[in-house]
Amino acid sequence: MTQIRLRNSMTRKVEDFTPIDAQNVRMYLCGPTVYDRAHLGNARPVVVFDVLYRLLRHVAKENGWGKITYVRNFTDVDDKINATALARQKAGAEGSLEDLIRARTEETIGWYHADMDALGALRPTYEPRATDYIGAMIAMIEKLVGEGHAYAAEGHVLFRVRSYQKYGALSGRTVDDMIAGARVEVAPFKEDPMDFVLWKPSDANEPGWDSPWGRGRPGWHIECSAMSYELLGASFDIHGGGIDLQFPHHENEIAQSCCAHPEGSFANYWVHNEMLQVEGKKMSKSLGNFFTVRDLLDQGVPGEVIRYIFLRTHYSKTMDWTDEKRRDAYNRLYRWREELTGVKPSKPDEKIIDALANDLNTSEAARLLDVIFLQWMQSKSDVSSPRETEANEAKFVASAHLLGLLLPTTGEWFSKQFDFGVLENQLSELRDTAMETKDFSKLDAMKQVLVAAGVEVRMSKAGVELLPGPDFDPAKLEGL
RNA sequence: GGCGAGUUGGCGGAGUGGUGACGCAGCGGAUUGCAAAUCCGUGUACAGGAGUUCGAUUCUCCUACUCGCCUCCA
């Protein structure tokens, strides 16, 4: 029996995790708005909750739980998507606006899948799209209006924040505090400045659906309430997302869901990951340090290197993406792949499971991976204990797999290496000659070019070996 | 202005009321034609102040600084 403990943002405490229904453990993660490529920050919650998902699946076997249901939505109703579709239509693209929107979101979802797959993230059980749940949203809004929690005004439907007395509990604010510090202009038809939109009218250039309040589209928050209810019920176990979603998005979800379904508790545990920075600064387009997961993959940074860097920082802390980390992680993963590709996994290390069970302490788990690897290296050099060596390597690989590392599916970067065969022979011959003549100038010259191109040059009595380093640039090998 | 998080060695980053993880970098050694890689060894830290305590980096309070949210945002 492994007891998972999670820090619950609602209570601000680390609590023992007990599923509502051990036969169906349910979690919901706020997914991306599919208007463009996922940036690096979008990837953090995906990796964090992938580790949680993997841990839950592992622990389920041990604890006799049933299935784990993991839902992550696609928000495909959004002004930026509309803008792209409209721009394409104006540029002469064929089809209705709805078709163009669909095409754009299909395209973006495809990218998202490819990029998250590269990070070794498992696909959730369900990936609902907001546009497939408009009916459920309308039904929920009607219920909220019917029970006095929401009201229609000028084609909009607004949630009446004052009708949910616990509003602000998750983010630790009160409605009065927020009004006092509010800096936003308030729409005149709002009863209360903090009331938020459930439904808004659409003009001809915007996607819209027929509703009791006219043709329009849902506000941002209602989709998660409607989809989590449809797929997980009025009460489920874990709800996750970035800390920036805590307010207003999650606060609003709670208010809507709890008012529409007072029979349920909505989410029992709230898990929020902290933000990501780049070289100590917030990632933003204006600072020029904005990049997508795809940018990194295209630069030759393997997805599992990105993943490993994420895991090295606890999810509750701000994570800084730096070039130094990238190199360090690349070297380490390279080493592991080099030594352990093809090793069959056994069972993950108990200590690593414990570390993960302790509020997803992935950093501690990464440290333990280092310890096991070192033990394995040491036992390998001691020929008297081959069984220990095998046990350690199998345990290492199983543990890495639990963390989503060293997976066969993310190992392409390692197997698709540059073919150094010709260069190795060339260097080897030069070396033999040099050893005889004691003239090392030509050998050193070639070595220098290789090193400058980012190649790791290994020469030993056993022979010559060339390996691509993190900065390997094949173009620099021309002329050899 | 309101709410929240954080401040550990050169860097990254865990953890604990009482001999200060782990990694990278550094230094010394083995190895190497020289290197690289690898292995062995090794130094340095708990923002500042006050308090609780036999004893605090770990608990409490204050100060400083950093960051996030309050507006689309992971």
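Reminder, nothing fancy here: chain letters follow the sequence lines and each chain counts from 1. Note: hydrogens, waters and symmetry copies are ignored here, and every other heavy atom, side chains too, is used. The model shown is predicted, which means the values in this text are computed figures rather than measured ones.
- The 12-atom threshold is not exceeded at OH of A:Tyr126, counting heavy atoms of other residues, nucleotides or ligands nearer than 6.0 Å.
- A:Lys325 and A:Asp328 are not joined by a salt bridge, as no carboxylate oxygen comes within less than 4.0 angstrom of a charged side-chain nitrogen.
- A salt bridge does not link A:Arg327 to A:Glu324: none of the charged nitrogens lies less than 4.0 Å from a carboxylate oxygen.
- Base contact: A:Leu276 has a heavy atom under 4.0 Å from a base atom.
- Contact of A:His39 with B:rA74 (side chain to base): a donor-acceptor pair of N or O atoms is detected under 3.5 Å.
- When heavy atoms are screened at a 4.0 angstrom cut-off, A:Phe247 is found touching the sugar-phosphate backbone but no base atom.
- Residue A:Ser363 places its side chain closer to B:rG13 than to any other of B:rU32, B:rG13, B:rA37.
- Nearest to the side chain of A:Leu443, among B:rG33, B:rG12, B:rA14, sits B:rG33.
- Each of A:Arg7 and A:Asp78 was assigned the nucleotide of RNA chain B with the nearest heavy atom; the assignment lying further toward the 5' end belongs to A:Arg7.
- Ion pairing between A:Arg123 and A:Asp117 holds under the 4.0 Å rule for side-chain N and carboxylate O.
- Interface remark: the A:Asp328 side chain does not form any donor-acceptor pair with the B:rG13 base, using a distance-only criterion of under 3.5 Å.
- A:Tyr334 places its OH atom 18 Å from the P atom of B:rA36, with the value rounded to the nearest Å.
- Nucleic acid contact for A:Thr313: sugar-phosphate only, since backbone atoms but no base atoms lie under 4.0 Å from a heavy atom of the residue.
- Across all strands shown, A:Gly41 has heavy atoms under 4.0 Å from base atoms, whether or not it also approaches the sugar-phosphate.
- The nucleotide whose nearest atom lies closest to any side-chain atom of A:Met459 is, among B:rA35, B:rA14, B:rC69, B:rA35.
- Taking atom CZ on A:Arg327 and atom P on B:rC11, their separation rounds to 19 Å, with Å as the unit.
- Both A:Lys447 and A:Asp370 lie close to RNA chain B; mapped to their nearest nucleotides by heavy-atom distance, the more 5′-ward contact belongs to A:Asp370.
- Considering only side-chain atoms of A:Asn273, the nucleotide from B:rA74, B:rA36, B:rG68 that sits closest is B:rA74.
- Among B:rG23, B:rA35, B:rG4, the nucleotide with an atom closest to any side-chain atom of A:Val457 is B:rA35.
- In this structure, A:Leu369 places its CG atom 18 Å from P of B:rG13, rounding to the nearest Å.
- A salt bridge does not link A:Arg162 to A:Glu191: none of the charged nitrogens lies less than 4.0 Å from a carboxylate oxygen.
- Using a 4.0 Å heavy-atom criterion, one finds that A:Asp444 contacts the bases of the nucleic acid, with or without backbone contacts as well.
- Atom-to-atom, CZ of A:Arg458 to P of B:rA36 comes out at 12 Å; the value is rounded to the nearest Å.
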